There are 2 protein chains.
Amino acid sequence: MRPTVIDIAREAGVSLATVDRVLNERPGVREKTILAVSDAIAKLGYVRDMAAANLARQRNYRMAFVLPDTQSQFVQTLRAELAIASVAALAARTEIEVITFPSEDPHALAALLAELPEKAVAGVALMAPETPILRDAIKALRLRGISVVALVSDLPNTERDHFVGINNRAAGRTSAVLMGRFLGNGPQKVAVVAQSMLLREAVERRLGFDEVIGRDFPLVDVLPTLESHGSPDVLRRVVGEMLKQFSGVGGIYLLGSGHRALTQVIDDLGLTGQLVVIGHELTPHVRDALIAGKMAAVITQNVGHLVRSALRVLRAKTDKTPIDAGQEQLRIEIVLRENLPTGPEEQA
Amino acid sequence: MRPTVIDIAREAGVSLATVDRVLNERPGVREKTILAVSDAIAKLGYVRDMAAANLARQRNYRMAFVLPDTQSQFVQTLRAELAIASVAALAARTEIEVITFPSEDPHALAALLAELPEKAVAGVALMAPETPILRDAIKALRLRGISVVALVSDLPNTERDHFVGINNRAAGRTSAVLMGRFLGNGPQKVAVVAQSMLLREAVERRLGFDEVIGRDFPLVDVLPTLESHGSPDVLRRVVGEMLKQFSGVGGIYLLGSGHRALTQVIDDLGLTGQLVVIGHELTPHVRDALIAGKMAAVITQNVGHLVRSALRVLRAKTDKTPIDAGQEQLRIEIVLRENLPTGPEEQA
DNA sequence: TTTTTTTTGAGGTACGCACCTCATTTTCTT
DNA sequence: AAGAAAATGAGGTGCGTACCTCAAAAAAAA
């Protein structure tokens with residue numbers, strides 16, 4: 001049988017009340033007795049039953065996920081996974097609240113965060129660009145005992161408790177290896193397309209990409225980044241012009257969104273299958289593009305894992321429980337047509 | 001506030017005892033009242049608090065993991081992950097027992113499985129080749145209410161509840177795409193090395209590999225499988241002979257274990273960096289080989305996820321709770337040097 | 001209708017823990 | 001040594017659920 005607090009009390013020769021005081025770090029216990037209890041815990045291998053503890057605590061984990069109002073496929077996927085996780089989380093007395101903020105307005109974001117303490121939120125997962133205002137808002141939350149986790153893109157200079165997401169620079173390096181090897185040996189040009197190089201993720205990926213291409217594939221020439229500024233039309237235009245202007249372009253690396261517009265313009269120019277197209281994030285469109293052979297590979301992170309990991313980390317933080325680093329390490333996934341995850345229904 | 005059984009009873013106009021009977025599918029309730037209770041549950045959005053339920057049930061999940069006594073790196077990794085999971089599982093009142101069976105003795109395996117009911121085991125995760133004796137043993141376990149999950153390699157013709165692992169044929173296809181693209185355009189030969197083609201996994205991977213090479217890379221010629229029979233010496237000899245005999249061998253596909261011997265013989269012949277070597281399973285040696293550039297890519301499954309998924313599935317089965325297919329779907333992971341998972345200490 | 005069977009209700013105990021109060025004991029001050 | 005302060009003990013209640021018993025009510029069978 002697993003030892004319980006009663007066993008600890010007996011072993012340590014103290015009362016239940018004292019064990020309780022030690023376990024929950026309540027004041028009024030001598031150092032000496034704390035040691036006695038700790039020894040008993042160690043000796044018996046006691047592990048607190050968190051389920052029972054939380055039941056008694058009447059603890060209802062309210063977790064907020066704060067996301068930008070961007071209409072991108074990625075954020076939509078994230079929302080979908082959150083909806084799924086919400087249902088599962090209910091049985092573990094965890095409520096998920098999704099909060100949307102205007103992506104271009106750091107002040108509005110800070111105002112929304114400032115409201116969280118009143119909502120009795122235990123933790124926040126935050127997907128937002130780092131700004132000075134945000135730094136202060138996070139600091140304020142932490143001071144009020146609310147855990148903060150950075151989601152997807154890190155907030156390294158803030159006091160966030162944890163970062164849940166992948167290393168975008170490593171993701172860029174991974175793309176580069178694939179691009180370089182898929183292109184083959186001859187001299188080639190690679191175009192890089194991004195929504196905007198003001199986005200951290202894009203910059204980091206590009207940095208990693210250039211790093212590896214420069215080091216391992218000297219014959220490959222990476223062209224300057226083309227920016228779409230979020231407009232499919234612009235993307236089509238700039239890529240079209242680029243392809244007409246340069247000869248010897250063998251691959252295109254898409255740093256962010258715009259898969260549809262990109263595969264379309266390649267189709268229009270009759271170049272499908274002749275270019276190595278590599279992008280990020282496995283959305284439904286990208287899935288189709290992989291199956292159709294319009295993209296060679298996608299570097300992605302598992303959004304389901306992302307959400308569950310953020311939830312586990314937030315729970316661990318509010319429970320003051322250690323985090324299993326191995327489990328929370330998100331992988332940089334490479335997806336080709338042949339290892340596309342099958343839908344649930346296809347699995348036996 | 002979340003509704004509780006008391007709210008359900010009030011809403012349905014029945015007593016607590018009746019709600020309990022319905023929730024736990026106890027006999028002696030009229031269809032009509034079952035409906036009334038179900039309606040109340042739906043109306044109030046009641047979700048059973050599994051933490052409290054399991055606490056009251058005094059349920060201690062004893063799960064057995066039955067593994068072969070093979071000394072392979074993969075099985076060792078699996079054992080290591082099980083050890084880690086054991087600690088974490090304790091807090092969730094789950095005990096893990098690892099049972100080892102002689103890999104060549106199906107009767108001994110069956111005998112071990114037959115002992116499980118006495119041990120009050122709730123579920124079994126099983127990594128073993130399918131035999132008629134095993135089929136019967138699994139059937140017997142299921143009849144006694146013990147859930148059975150096939151681990152790593154499926155047991156499709158048995159009555160196992162679930163399979164936790166990857167599709168090896170798809171893994172072979174994925175290897176083929178990488179091999180084909182990494183080799184480039186010219187005509188090339190690819191050697192395939194396996195421990196033994198009597199192993200299911202090896203056969204399935206080879207099937208998938210041939211399928212894609214044949215379809216998408218007509219210029220690539222796949223040589224007959226070389227078998228090492230588990231001996232590093234044999235592997236070195238046969239691969240060495242092969243490389244001397246055939247010219248134009250551009251790649252080697254390693255279906256199972258033997259990474260060390262393979263990279264060594266390539267080294268000895270001074271061919272490191274000139275051959276595209278692709279293998280399976282990310283063990284420490286393989287990790288080193290990737291970093292040193294002695295292997296180009298590895299197709300693997302996340303053993304940590306494997307273990308946790310098996311545990312979750314077993315728990316769900318014993319709780320008669322639905323399974324989140326998305327979460328339990330194991331990915332076929334492609335690992336290159338650049339997306340090697342960093343150790344826990346490197347993340348921050 | 002009476003008897004038998006089936007359903008339902010009422011109430012209790014337990015799970016492992018948190019948190020509270022009040023009395024009692026021990027330790028420290030002066 | 002007396003008083004003040006700190007530490008500890010004893011005991012209770014409740015969290016949401018499972019599971020048990022026994023009595024009472026309702027429905028079905030005779």
Side-chain angles (χ1 to χ4, degrees), chain A residues 1-38 40-41 44-61 89-95 122 318-321, chain B residues 1-38 40-41 44-61 89-95 122 318-321:
Chain A
M1 286 300 282
R2 269 182 67 172
T4 73
V5 275
I6 297 180
D7 302 312
I8 303 299
R10 196 188 314 113
E11 177 73 25
V14 298
S15 74
L16 260 179
T18 300
V19 174
D20 177 68
R21 289 183 183 110
V22 174
L23 276 179
N24 296 293
E25 297 176 17
R26 286 185 238 283
V29 187
R30 272 184 306 173
E31 199 58 38
K32 197 176 140 198
T33 42
I34 293 185
L35 274 176
V37 173
S38 307
I41 289 176
L44 299 185
Y46 169 81
V47 181
R48 192 201 301 234
D49 184 333
M50 286 311 286
N54 291 331
L55 179 62
R57 270 196 194 108
Q58 271 283 78
R59 180 170 286 171
N60 286 306
Y61 304 87
L90 255 187
R93 52 187 349 119
T94 302
E95 260 182 280
T318 63
D319 284 347
K320 287 171 188 163
T321 287
Chain B
M1 285 300 282
R2 270 181 66 169
T4 73
V5 275
I6 298 181
D7 301 312
I8 303 300
R10 196 187 313 116
E11 178 72 25
V14 300
S15 73
L16 259 178
T18 301
V19 174
D20 177 70
R21 289 181 184 112
V22 174
L23 277 178
N24 296 293
E25 297 176 18
R26 284 186 241 281
V29 187
R30 272 183 306 170
E31 199 57 38
K32 200 175 136 197
T33 44
I34 293 185
L35 273 177
V37 173
S38 307
I41 289 176
L44 299 185
Y46 168 81
V47 181
R48 185 207 236 119
D49 185 331
M50 286 311 284
N54 291 333
L55 177 61
R57 268 195 194 110
Q58 265 287 78
R59 180 170 287 172
N60 285 308
Y61 304 86
L90 256 187
R93 50 188 352 115
T94 302
E95 260 182 281
T318 64
D319 283 346
K320 285 171 189 165
T321 287

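Predicted, not measured: the structure shown is a model, and the values here were computed from it. Here is the naming used below: chain letters follow the sequence lines, and residue numbers restart at 1 for every chain. Atom set for the values below is all heavy atoms of this structure, side chains included, hydrogens, waters and symmetry mates excluded.
- For A/S15, counting side-chain heavy atoms from C-beta on, the closest listed nucleotide (D/dT17, D/dA10, D/dC19) is D/dA10.
- At C/dT7, none of the side-chain N or O atoms of B/T33 fall inside 4.0 Å of OP1 or OP2 (strictly under the cut-off).
- One interatomic measurement links the two molecules: CZ of A/R21 to P of D/dT8, which rounds to 8 Å at whole-angstrom precision.
- Going from atom CG of A/L16 over to atom CG of A/L23 covers 10.0 Å, rounded to the nearest 0.5 Å.
- If you take CG of B/N54 and P of D/dC15, they are 19 Å apart, rounded to a whole angstrom.
- Residues A/G28 and B/A52 both approach DNA chain D. Their nearest nucleotides, taken by heavy-atom distance, put A/G28 toward the 5′ side.
- Atom pair A/K32:NZ and D/dA6:P shows a separation of 18 Å (rounding to whole Å applied).
- Note on B/D49: only backbone sugar-phosphate atoms sit closer than 4.0 angstrom, heavy atoms only; bases stay farther off.
- Among the nucleotides C/dA10, D/dG9, C/dA18, the one closest to any side-chain atom of B/A17 is C/dA10.
- Computed from coordinates, the B/D7 CG to D/dC15 C1' distance equals 14 Å when rounded to whole Å.
- Rounding to whole angstrom units, CD of residue A/Q58 and C1' of C/dC17 are separated by 13 Å.
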Next on the checklist: Pair B/L44, B/I8 - check side-chain contact (heavy atoms from CB on, under 4.5 Å), show working.
Outcome noted: CA-CA 7 Å; B/L44 299 185; B/I8 303 300; 3.9 Å; yes
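- Looking at heavy atoms from C-beta onward, A/N24 lies in side-chain contact with A/R57 at the 4.5 angstrom threshold.
- For B/L35, the CG atom is densely surrounded, since the number of other residues' heavy atoms within 6.0 Å is greater than 12.
- Distance B/R26 CZ to C/dT7 P: 16 Å, rounded to the nearest Å.
- For B/T18 and C/dT8, the shortest distance from a side-chain N or O to OP1 or OP2 is not below 4.0 Å.
- Candidate nucleotides D/dA18, D/dG16, C/dA10 were compared by shortest atom distance to the side chain of B/T4, and D/dG16 ranks first.
- Toward the 5′ end of DNA chain D lies the nearest nucleotide of B/R57, the other residue of the pair B/R30 and B/R57 mapping further downstream.
- What separates CG of B/N24 from C1' of D/dC20 is a distance of 13 Å, to the nearest Å.
- Taking atom CD1 on A/I8 and atom P on C/dC17, their separation rounds to 9 Å, with Å as the unit.
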Item to check | Test log, rule side-chain contact (heavy atoms from CB on, under 4.5 Å), inputs B/V22 and B/V19 | outcome: CA-CA 5 Å; B/V22 174; B/V19 174; 5.8 Å; no
